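Basis for what follows: all heavy atoms, side chains included, without hydrogens, waters or symmetry-related copies. Small disclaimer: the values here were computed from a predicted structure and weren't measured. In what follows, every chain begins at residue 1, and chains take the letters A, B, ... in the order their sequences are listed.
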Amino acid sequence: MSDKKSKKPHKLKARLPRGFTDRTASDIRATDEMVAKIRGVFERYGFDPVETPAFEYTDALGKFLPDQDRPNEGVFSLQDDDEQWMSLRYDLTAPLARHVAQNINAIALPYRTYRQGWVFRNEKPGPGRFRQFMQFDADTVGAPGVQADAEMAMMMADTMEALGIKRGDYVIRVNNRKVLDGVMEAIGLGGEENAGKRLTVLRAIDKLDKFSPNDVLLLLTTGRWDGGKQGVGDFTEGAGLAANVAENVLGFILDGRFQVESRAGLMEGGKGHTASFTSPVSSAVGGDLFDNRSVHAGVQELANIQQSCRASGYGPDRIRIDPSVVRGLEYYTGPVYEAELLFDVVNEKGETVQFGSVGGGGRYDGLVKRFTGQDVPATGFSIGVSRLMTALKNLGKLGTDDMVAPVLVTVMDGGTEALGRYQKMTQDLREAGIRAEMYQGNWKKFGNQLRYADRRGCPIAIIQGSDEREKGIVQIKDMIEGRKEAAAIESNEEYRAARPGQFEVAEGDLVAEVTKLLAAQAENT
RNA sequence: GCGGGCGUAGCUCAGUUGGUUAGAGCGCUGGAUUGUGGCUCCAGAGGUCGGUGGUUCAAAUCCACCCGCUCGUACCA
């Protein structure tokens with residue numbers, strides 16, 4: 001190796017841990033805008049904000065991590081100096097349960113509350129999936145009835161629309177954990193000893209929005225190769241159900257909306273099968289899954305939710321019963337809901353990407369009880385703000401940074417007295433509510449000042465040199481108009497002499513003239 | 001976690017049996033032009049060739065391991 005290389009000091013490499021990201025000005029503005037809209041809906045529904053910290057004791061977050069007991073698996077954890085384990089929250093629900101339990105005597109139930117915040121998951125990140133991301137939650141604590149769940153579904157729908165997603169471009173799909181639990185029971189997967197197998201079956205069902213019914217059938221039975229055929233790529237272990245049982249379950253799920261509505265006496269205008277997969281539903285092993293008590297109870301609740309939504313004018317174009325909705329695997333006990341976008345999301349490369357759900361939630365009757373011992377039923381949902389923002393951005397419904405860059409007051413004279421005058425001009429503009437800044441770089445390179453203004457997107461530059469000063473005027477340079485005029489000029493001498501887009505006004509008229517020009521520019525965009 | 005692809009300047013990429021001092025375009029900085037963005041011309045800065053180890057007289061190039069990005073899959077409370 002050469003001497004030159006070994007002498008060179010190692011520079012510290014600027015980098016971020018993977019799965020974390022910096023947010024730009026336009027990201028932050030877009031997020032703020034979204035959050036304000038969501039908050040507007042929640043406030044209108046009579047919810048109040050509450051905030052909990054990013055850290056909780058690990059045991060308060062609960063052990064809802066299947067197969068994993070180590071505190072660092074999936075969550076970011078560290079030991080406090082008294083050796084107690086603390087973790088960064090991975091959602092906003094468990095911390096809320098802790099907050100309610102801790103203040104149970106001070107809080108009037110039912111407690112309607114919302115909050116937004118960063119949550120952290122120590123998982124492999126991917127496009128649109130981060131290890132720190134923002135959620136916005138609403139919960140009703142202490143409300144046992146399905147009316148609270150129906151309200152959640154309707155509020156979700158309203159939120160989607162408030163965010164500019166048109167009716168028909170989203171749907172809130174509703175299911176009930178009791179239905180899935182009952183199905184598991186009916187096919188002989190009840191009880192503790194089958195917990196693992198049950199999980200596999202539910203995961204397979206949850207894949208229906210990603211895989212074809214036939215692939216899901218493979219997952220329910222023998223397993224699936226991700227390379228497309230036998231022996232190619234990675235093998236996913238199947239649930240090991242008998243073929244006819246798997247078909248029965250799959251048929252129940254796929255034809256679920258139709259079946260649930262008919263069994264609950266809620267048929268709406270002859271809508272039928274939601275997928276092409278057909279199966280001999282009741283003849284197969286497992287019998288008629290509707291005969292199961294839990295399935296029956298779950299369907300009844302879904303019928304009530306649906307009736308409530310319909311009575312309030314929320315049709316199946318907005319809120320829809322769908323037995324394939326699984327949602328998280330551990331703490332939900334009743335109705336679950338999921339918000340899904342129905343339009344294609346296209347990424348920067350022009351590829352259509354599977355977007356999946358942008359929010360969801362459900363009933364978690366056991367979560368507060370862990371702390372209090374008494375039953376405190378609750379239901380709520382969560383919006384994936386970061387994820388939804390990605391979708392809206394790609395859709396062009398957000399993220400167009402409409403903040404106008406500041407007016408730049410250029411500096412032609414670096415003397416103390418002159419700088420005071422430039423500062424004064426800048427302050428005058430600010431006092432009139434106009435974003436403005438005085439150039440803070442090396443004033444001696446005037447070309448750089450305008451180049452700065454150009455790159456920053458400044459709409460206007462203010463120029464006052466000694467000539468203007470003597471005459472009591474300032475030059476207002478319309479950067480947008482100037483760019484247009486400059487395009488027609490070829491020689492540099494001419495270009496420099498032309499001062500494109502500029503006009504002179506009396507010093508005293510500066511604010512009025514800038515205001516006028518900004519208004520005119522806004523008209524033309 | 002498992003499997004595939006990729007990793008050379010700020011960005012996009014050249015660089016083939018391993019062989020002098022690793023290149024281009026764009027961008028950046030300075031100048032032509034001490035008061036005008038763009039155009040043009042000139043000059044300059046910028047590289048641990050992802051990292052470590054190995055093979056070799058010689059490695060950006062070959063081998064091993066690791067790291068990172070990416071696609072699929074798994075996991076996702």
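If you check every strand for non-hydrogen atoms under 4.0 Å, A:K484 touches nothing. Residue contacts shown for A:N492 include a base, since a base heavy atom lies under 4.0 Å away. Contacts of A:R18 with the nucleic acid, taken as non-hydrogen atoms under 4.0 Å apart, involve only primed sugar atoms and P, OP1 or OP2. Residue A:Q449 is classed as having no contact, given no heavy-atom separation below 4.0 Å to the nucleic acid. Here A:K477 lies in heavy-atom contact (under 4.0 Å) with a base. Counting non-hydrogen atoms under 4.0 angstrom, A:Q464 reaches nothing in the nucleic acid. Residue-level contact check: A:D413 touches neither bases nor backbone, having no heavy atom under 4.0 Å from any strand. Residue contacts for A:T93: at a heavy-atom cut-off of 4.0 Å it reaches no nucleic acid atom on any strand shown. Using a 4.0 Å heavy-atom criterion, one finds that A:F211 contacts the sugar-phosphate atoms exclusively.
For the pair A:D206 CG and B:U73 P, the computed distance is 14 Å after rounding to whole Å. Distance CZ (A:R387) to C1' (B:C76): 11 Å, rounded to an integer number of Å. Straight-line distance from the CD1 atom of A:I463 to the P atom of B:G35: 12 Å, rounded to whole Å.
Remark: the A:Y114 side chain and the A:D137 side chain contain no N/O donor-acceptor pair separated by less than 3.5 Å. Residues A:T31 and A:R23 have side chains that bring a donor and an acceptor to within less than 3.5 angstrom of each other.
Within the 3.5 Å criterion, the main-chain N or O of A:R89 finds no donor-acceptor partner in the side chain of A:S87. Not one N or O on the side chain of A:T236 forms a donor-acceptor pair closer than 3.5 Å with the backbone of A:G223. With A:R131 contributing its side chain and A:N122 its backbone, the two residues share no donor-acceptor pair below 3.5 Å.
Mapping A:W443 and A:A487 onto RNA chain B by nearest heavy atom places A:W443 closer to the 5' end of the strand.
Pair assignment for B:A74 gives none, since no Watson-Crick or G-U wobble pairing has each distance under 3.5 Å. In this structure, B:G68 and B:C6 make a Watson-Crick or G-U wobble pair, each of the two defining distances being under 3.5 angstrom. Nucleotide B:C39: unpaired (no Watson-Crick or G-U wobble partner with both distances less than 3.5 Å). Nucleotide B:G23 is matched to B:C13 when pairs are restricted to Watson-Crick or G-U wobble geometry with both distances under 3.5 angstrom. Both distances falling under 3.5 Å, in either a Watson-Crick or a G-U wobble arrangement, occur for no nucleotide opposite B:A58. Across all strands shown, B:U34 has no partner, as no Watson-Crick or G-U wobble contact with both distances under 3.5 Å is found. Remark: B:C28 base-pairs with B:G44. Criterion, Watson-Crick or G-U wobble with two distances under 3.5 Å.
Within the 4.0 Å cut-off from OP1 or OP2 of B:G72, not a single side-chain nitrogen or oxygen of A:K124 is found. Applying the 4.0 Å criterion to OP1 and OP2 of B:G38, one finds that A:R483 has every side-chain N and O outside that range. Proximity of A:R129 to the phosphate of B:U70: no side-chain N or O atom is located under 4.0 Å from OP1 or OP2. Between B:U29 and A:R451, a contact under 4.0 Å exists linking OP1 or OP2 to a side-chain N or O. Contact annotation: A:Y452 does not reach the phosphate of B:G37 (side-chain N/O to OP1 or OP2, under 4.0 Å). An OP1 or OP2 oxygen of B:C75 is reached within less than 4.0 angstrom by a side-chain nitrogen or oxygen of A:R203. Contact annotation: A:K210 side-chain N/O to B:U73 OP1/OP2 distance is under 4.0 Å.
Judged by distance alone, with hydrogens and angles left aside, A:R499 brings a side-chain donor or acceptor within reach of the base of B:U36, the pair sitting under 3.5 Å. You won't find any donor-acceptor pair under 3.5 Å spanning the side chain of A:E485 and the base of B:G38, going by distance alone.
By the 4.0 Å N-to-carboxylate-O rule, A:D206 lies too far from A:R327 to be salt-bridged with it. The existence of a salt bridge linking A:R363 and A:D149 is confirmed by a sub-4.0 Å separation between a basic side-chain nitrogen and an acidic carboxylate oxygen.
Straight-line distance between the P atoms of B:C13 and B:G18: roughly 25 Å, to the nearest whole Å. The gap from the P atom of B:C65 to that of B:C75 amounts to 28 Å, rounded to the nearest Å. Taking atom C1' in both B:A58 and B:C11, one finds a spacing of 33 Å when rounded to whole Å. On the P atoms, B:G27 is 38 Å away from B:C63, given to the nearest whole Å. Remark: the separation of the P atoms in B:A59 and B:G53 is 13 Å, to the nearest Å. B:U36 sits 22 Å from B:C42 when the P atoms are compared, rounded to a whole Å. When the P atom is used for both B:G46 and B:A24, the distance is 15 Å, rounded to whole Å. Nucleotides B:G7 and B:A60, compared at atom P, are 16 Å apart to the nearest Å.
The ring of A:Y331 does not lie on top of the base of B:A77; it is either too far (5.5 Å or more) or too tilted (30° or more).
Proximity note for A:Q502 (side chain, C-beta onward) versus B:U36, B:G30, B:A77: the nearest is B:U36.
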Next item on the list: With side-chain hydrogen bond (donor to acceptor under 3.5 Å, both in side chains) as the test, would you mind laying out the steps for A:D322 and A:S324 before giving the verdict?
Entry: CA-CA 6 Å; A:D322 182 342; A:S324 76; 2.9 Å; yes

